[in-house]
Amino acid sequence: MNENLFASFATPTMMGLPIVILIIMFPSILFPSPNRLINNRLISIQQWLVQLTSKQMMAIHNSKGQTWTLMLMSLILFIGSTNLLGLLPHSFTPTTQLSMNLGMAIPLWAGTVFMGFRHKTKAALAHFLPQGTPIFLIPMLVIIETISLFIQPVALAVRLTANITAGHLLMHLIGGATLALMSISPSTALITFIVLILLTILEFAVAMIQAYVFTLLVSLYLHDNT
């Protein structure tokens, strides 16, 4: 079991070629574009959830920030659907890869920072030096604020990677323990199986919460720079 503990996190290949791009594109099939005058119940529920989330998330933004609505809604749908599909047996979760999460976090963070320096130059520079700072602390505070600024996309990516990876590893370990205990102690195996079911339910909630948290933090970075 220890040898295959991280096997589910390896990039899948077909005929020696990585198919991660196809896996990343797959969630878009779950959200078809409505082409009817009256939508069915599934599309109606999807549209209602998207509208509810967008109203809640974009309420704090001005007109410049609200131009990011489509991007942020696409981001939360992509991360949420990818996390949920990764809970299926024998599936691959792209959001367990730190490189992919950094690929999402860095461009979005950089876009918000560039908007801040473009539209609110004085306010953006003022973050590096709080008002009333003693002169001898100015160099140290500038360095600290610069490091804290550049660590934001790393924190975004690491948070998403760590939460999704930890949940999958815990499910893998408890599932392996349940199989091992079935022939030794069926009563104990039943208890671990119940724990596994509860953990799976928790992971469904974590998958959605992490998508919301990732998008919400990007939205807050955008709000601070617009």
Side-chain angles (χ1 to χ4, degrees), residues 20-21 23-39 42-85 94-95 97-131 145-161 163-164 206-226:
V20 66
I21 297 179
I23 297 175
I24 292 174
M25 294 173 60
F26 180 75
S28 61
I29 304 175
L30 302 178
F31 304 99
S33 300
N35 53 6
R36 297 179 180 179
L37 183 61
I38 300 178
N39 298 324
L42 178 60
I43 296 180
S44 298
I45 293 174
Q46 291 177 353
Q47 291 180 345
W48 176 75
L49 289 175
V50 169
Q51 291 176 0
L52 181 65
T53 307
S54 61
K55 288 181 180 179
Q56 181 180 3
M57 190 173 296
M58 306 306 295
I60 60 175
H61 291 279
N62 54 21
S63 57
K64 294 178 182 178
Q66 289 179 357
T67 58
W68 284 52
T69 303
L70 180 60
M71 182 181 296
L72 293 179
M73 290 301 101
S74 301
L75 179 66
I76 191 173
L77 288 175
F78 171 74
I79 298 177
S81 58
T82 303
N83 291 345
L84 291 176
L85 289 174
T95 47
Q97 306 297 311
L98 183 60
S99 57
M100 174 181 166
N101 295 335
L102 284 173
M104 292 189 297
I106 292 178
L108 293 169
W109 165 83
T112 61
V113 173
F114 289 154
M115 285 189 66
F117 279 104
R118 179 180 177 182
H119 300 290
K120 298 171 58 177
T121 306
K122 293 183 179 180
L125 293 175
H127 287 297
F128 293 96
L129 189 61
Q131 188 177 4
E145 291 297 329
T146 303
I147 295 175
S148 65
L149 177 65
F150 281 95
I151 209 172
Q152 287 177 353
V154 180
L156 271 178
V158 170
R159 181 186 295 105
L160 179 59
T161 304
N163 281 281
I164 300 302
V206 169
M208 299 303 299
I209 291 173
Q210 288 304 314
Y212 180 78
V213 168
F214 189 97
T215 310
L216 180 62
L217 289 175
V218 174
S219 176
L220 292 178
Y221 296 156
L222 177 64
H223 177 259
D224 292 339
N225 290 280
T226 55

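It should be emphasised that the depicted structure is a prediction, and the values quoted were computed from it without experimental measurement.
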Donor-acceptor pair, side chain of [X] and main chain of [Y], under 3.5 angstrom:
| X | Y | result |
| --- | --- | --- |
| Asn225 | Met115 | no |
| Ser81 | Leu77 | yes |
| Thr215 | Tyr212 | no |
| Thr161 | Val158 | no |

For [X] and [Y], work out which heavy atoms get closest and say how close.
| X | Y | answer |
| --- | --- | --- |
| Phe214 | Ala157 | CE1-N, 4.5 Å |
| Thr69 | Met58 | OG1-CE, 3.5 Å |
| Ala207 | Leu84 | CB-CD2, 3.9 Å |
| Leu102 | Val154 | CD2-CA, 4.2 Å |
| His61 | Ser219 | NE2-OG, 2.6 Å |

Item to complete: Give, for atom CD1 of Ile147 and atom CD of Gln152, the distance between the pair rounded to the nearest 0.5 Å.
Response: 13.0 Å
Under a 4.5 Å cut-off applied to non-hydrogen side-chain atoms, are [X] and [Y] in contact?
| X | Y | answer |
| --- | --- | --- |
| Asn83 | Leu160 | yes |
| Leu156 | Tyr221 | yes |
| Leu217 | Arg159 | yes |

Practice prompt. Would you confirm whether the ring centroid of Phe114 sits within less than 6.0 angstrom of the ring centroid of Trp109?
Written response: no
